[in-house]
J.: 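The structure follows.
All chains are named by letter (A, B, ...) in the order of the sequence lines, taking the proteins before the strands, and each is independently numbered beginning at 1.
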Amino acid sequence: MIADETLNGDLLADLNAAQRDAVETVDRPVLVLAGAGSGKTRVITHKLSYLAARCGYPPESLLALTFTNKAAREMRHRAVRLLGERAERATIGTFHAVGLRVLRRHSSLAGLRPGFVVYDVADQEAVIKRVMIDNDVDPQRIRPAAIANLIEQFKRRGLGPEEVSAGDWVGESGRAQSASEHLAARLYPSYERRMSAMNAVDFGDLLWRVVKMFMSYPLLLADYQRRWRYVLVDEFQDTDEIQGRLIRMLVADSERGSGAGLTVVGDDDQSIYSWRGARIENILNFPNLFDSAHIVRLEQNYRSTGIILEAAGELIARNRKRHAKRLWTSTAPGEKLSLCLCQSDREEAARVAALVRSEGVATPLNEIAVLYRTNAQSRLFEEALGRESIPYRVVGGIRFFERAEVKDVLAYLRLLVNPKDDIAFARVVNKPKRGIGPVTVGRLLELAGARGVGAFEAIPTCASAIKRGETRLRDFHHMLTSVGALQSHATALEVVKALFDRSGYLSQYLSHAGEDVEAQGRHDNLMELVSSVAEFCERAQDPSLKAYLDEVALLTHLDTMTEEEQRVTLMTVHAAKGLEFEVAIVSGLEEGIFPHSNSRLDEGGVEEERRLFYVALTRARKRVFITFAQSRRHWDELAYQAPSRFLNELPAGLVAIAPGSLSFKMGAERRSRDVDGDPEGIVPEVIEPCEGLTLEEARGRRVRHSSFGIGTIVGGREDCVLVDFPHVGQRSIMIRYLELLNS
DNA sequence: TCCCAGCGCCTTTTT
DNA sequence: GGCGCTGGGA
């Protein structure tokens, strides 16, 4: 085909030698080690197109797996640009979306009934909580979230309730099972029974059940192996055990031998999800698992300036567990990183806002990102930007689909699709108030449980046994059944409108509209939800309610990100992976925050935090600003922050201290002092003079020290005072190392 | 059954 | 500073 010839020319001409090697090698497994900004997505999309246009793979025989819907969408978009409309026939999706599609197609083989629903984390925790109560475990003492997490881990490791309760498995960290792992193992079978009774699956099921099904039905697996002749995997460093297994299964047919139809792309330096079960071994052991594997290194960076790359490279070189590599660029060195040292988190926020304002003069706001380690840090930035009237968007945090009123409506919809969904039933049965309280619900759940049916389904037969709530329950059942009947012919939008009409859910917020700001907000959110459903119905091939719920279940925080308007973006560093901006402002470079205090618990923790900082730095094309706050308010306590160790790991010559910063000793200077054998060990790196302090006024005053915390001055001389600290006792300290407190 | 005040916990990162 | 849970009172 002529069109193909043209495409082929473009396909390879666009690429550098290493990228071309990665694309052209199709006869054996390929591992692409792709540094930040080295054109990883470009390699995958080009290879996808190359396979179809040049190697005779029909598009429908190609499978590309990603982690986020956004990445999948981007990939599909770019493949269509390269290959034309037929790229749509390739399967491009997230692991979970593809898993769900496979399960839907073979639900009975997977041990599920048609119409099963996908539970999100909150639903899952609600189930766990009930299981805990059933098993006389106090949900107050052990958080259901912790148990949910552990059960998720079991599934990620391919362990079913049988294996786990048989006891022949080892704990995640080390050999022995911890107490909570033990408890999770005990509750696991009941949890699975409960989920199954409600015809529900959790996130982990979407992959684990597929793997299990493929193991039980080799012919089915063979079907999929024949269908997907070539598999491409993005962000391979983030794959976990079950994902690794799934990939290996898909490419393990005899014809392909040792996984010829497989290309994986990843960067061990950007592996930041080990806490979620990602196995770096998947990428490190790839050459051992596939002995004919071809390894391609992409080390030319097309994104950042020379200085940003050098600083990031110097930093990441301190990690021991990594493939040695060095990114390079042919572009100019650019500007130094700017380090802004602030007295407090409030000042940090104000200075970030000022920075956004000044940068925003020359740079579109869409090209500026404020990055932080934890979501909680976003609030101050939002307030400061709001005060300055700078438009911003927050990625993550409380997501639209996690808002209480939105979840209520989704629960209604789920109950319509699946009358066995007791979690959804319990959530909505009394919203708005219908006089059906916990007592009635509990009684009904008990009766339904005894019959092995869902609570909602049980109403017609069991309601008569519940004297007080009988009529109200029957009314509720009647109302919802009438809405549910629409499903056979109506779109999701029509069902939602009918639900709002008949349930009275919307009008509870309508009646207060105008006077009640909160109700107004909730009402707006419900309207937003209606738009989302309407938009879905226009776009989707299958506009049914079921299809809508499937899509919503797999949405992530990144997917609600809108890009039309000019706004500065606020997000966690994790959320920023894979994105790039002209300007990155990386905040909160403090011990305990970045690296996070919890990372000290396990051995590789600090290395992972360092990779995270590396990811943050390499998001920027042109300029990086780093901020530090000397004091930070947690809850209602003021915490004194030490500068992050990472600051001292940046080459001092590549960092400029921003004007107006606290005084600070940078890397080289500090290191040379360490070599001299400073007897104090930890020297305060941030020094703020205690100005205008005389001893008469000073006695009894409260002061703060960077290492010892808050203490009281009990004596001393002009420039050196004796301070009593609660934990370390009395110390003689130079006044200039102390901060005077007002109280 | 509903309402509200008071308390305790939270804060790592999310497919 | 917020959210969910709890317990007492209406």
J.: How would you label the contact of F95(A) with the nucleic acid (heavy atoms, under 4.0 Å): base, sugar-phosphate, or nothing?
T.: nothing

J.: In chain order, what residues pass the salt bridge (Lys or Arg N to Asp or Glu O under 4.0 Å) check against R346(A), with sequence neighbours excluded?
T.: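 Testing R346(A) for salt bridge (Lys or Arg N to Asp or Glu O under 4.0 Å), a comparison that skips the adjacent residues, returns none.
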
J.: For each nucleotide in nucleotides 1-7 of chain B, reading 5' to 3', give B when a protein heavy atom comes within less than 4.0 Å of its base, S when such contact involves only the sugar-phosphate, and - otherwise.
T.: SSS----

J.: Quick one: list whatever passes ring pair (Phe, Tyr, Trp, His ring centres under 6.0 Å) with Y119(A), sequence neighbours left out.
T.: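 Checked Y119(A) against ring pair (Phe, Tyr, Trp, His ring centres under 6.0 Å); zero matches.
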
J.: What residues form a salt bridge (Lys or Arg N to Asp or Glu O under 4.0 Å) with D267(A), not counting sequence neighbours?
T.: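 Counting only residues at least two positions away or on another chain, D267(A) forms a salt bridge (Lys or Arg N to Asp or Glu O under 4.0 Å) with K325(A).
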
J.: Got a sec, which residues hit ring pair (Phe, Tyr, Trp, His ring centres under 6.0 Å) with F646(A), two or more places apart in sequence or on another chain?
T.: F613(A)

J.: By the 4.0 Å heavy-atom rule, please label T94(A) as base, sugar-phosphate, or nothing.
T.: nothing

J.: Side-chain donor-acceptor pairs under 3.5 Å in residues 434-446 of chain A, sequence neighbours left out?
T.:
| residue | atom | partner | partner atom | Å |
| --- | --- | --- | --- | --- |
| R434(A) | NH1 | Y412(A) | OH | 3.1 |
| R434(A) | NH1 | V428(A) | O | 3.1 |
| R434(A) | NH1 | V429(A) | O | 2.9 |
| R434(A) | NH1 | K431(A) | O | 3.3 |
| R434(A) | NH2 | Y412(A) | OH | 2.6 |
| R434(A) | NH2 | S503(A) | O | 3.2 |

J.: Nearest whole Å is fine: how far is dT14(B) P from Q243(A) CD?
T.: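 Answer to the nearest Å: 16 Å.
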
J.: Given atom CG of L579(A) and atom P of dT13(B), what is their separation to the nearest angstrom?
T.: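 Value for this atom pair: 17 Å.
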
J.: Between A404(A) and E383(A), name the one whose nearest nucleotide on DNA chain C is closer to the 5' end.
T.: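 With A404(A) and E383(A) compared, the 5'-side residue is E383(A).
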
J.: Provide, to the nearest angstrom, the distance between the CD atom belonging to Q270(A) and the C1' atom belonging to dT14(B).
T.: 17 Å

J.: Under the ring pair (Phe, Tyr, Trp, His ring centres under 6.0 Å) rule, collect the residues that match up with F236(A), sequence neighbours excluded.
T.: F286(A)

J.: Using ring pair (Phe, Tyr, Trp, His ring centres under 6.0 Å) as the criterion, list what pairs up with Y191(A), not counting sequence neighbours.
T.: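 Counting only residues at least two positions away or on another chain, Y191(A) forms no ring pair (Phe, Tyr, Trp, His ring centres under 6.0 Å).
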
J.: Could you grab the distance from atom CG of L65(A) to atom CD1 of I247(A), nearest 0.5 Å is fine?
T.: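 CD1 of I247(A) is found 6.5 Å from CG of L65(A).
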
J.: Stacking between Y273(A) and the base of dT13(B) (centre distance under 5.5 Å, interplanar angle under 30°)?
T.: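 Given the distance and angle limits, no, they do not stack.
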
J.: I'd like a table of atom pairs between the protein and nucleotides 5-10 of chain C - only N or O on both sides, under 3.5 Å - with the distance next to each one.
T.:
| residue | atom | partner | partner atom | Å |
| --- | --- | --- | --- | --- |
| dC5(C) | OP1 | K129(A) | NZ | 3.3 |
| dC5(C) | O3' | Q140(A) | NE2 | 3.3 |
| dT6(C) | OP1 | Q140(A) | NE2 | 2.9 |

J.: Do Q243(A) and E241(A) pair up side chain to side chain, a donor and an acceptor below 3.5 Å, judged on atom types alone?
T.: no

J.: OP1 or OP2 of dT14(B) less than 4.0 angstrom from a side-chain nitrogen or oxygen of T572(A), does that happen here?
T.: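 Yes, T572(A) has a side-chain N/O under 4.0 Å of OP1/OP2 on dT14(B).
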
J.: Using whole Å, report how far CD of E125(A) lies from C1' of dT14(B).
T.: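 Distance, rounded to whole Å: 13 Å.
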
J.: Starting from P on dT14(B), measure out to CG on D202(A) and report it in whole angstrom.
T.: 19 Å

J.: How many whole angstroms separate atom CZ of F203(A) from atom P of dT14(B)?
T.: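 The distance from CZ of F203(A) to P of dT14(B) comes to 13 Å, rounded to the nearest Å.
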
J.: Look at the side-chain N and O atoms of N375(A) and state whether any lies under 4.0 Å from the OP1 or OP2 oxygen of dT14(B).
T.: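 So the side-chain polar atoms of N375(A) do come within 4.0 Å of the phosphate oxygens OP1 or OP2 of dT14(B), strictly under.
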
J.: Atom CD of E608(A) and atom P of dT14(B): how far apart are they, to the nearest Å?
T.: 12 Å

J.: Could you check how far CZ of R143(A) sits from P of dC3(C), rounded to whole Å?
T.: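 In whole Å, dC3(C) P and R143(A) CZ are 17 Å from each other.
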
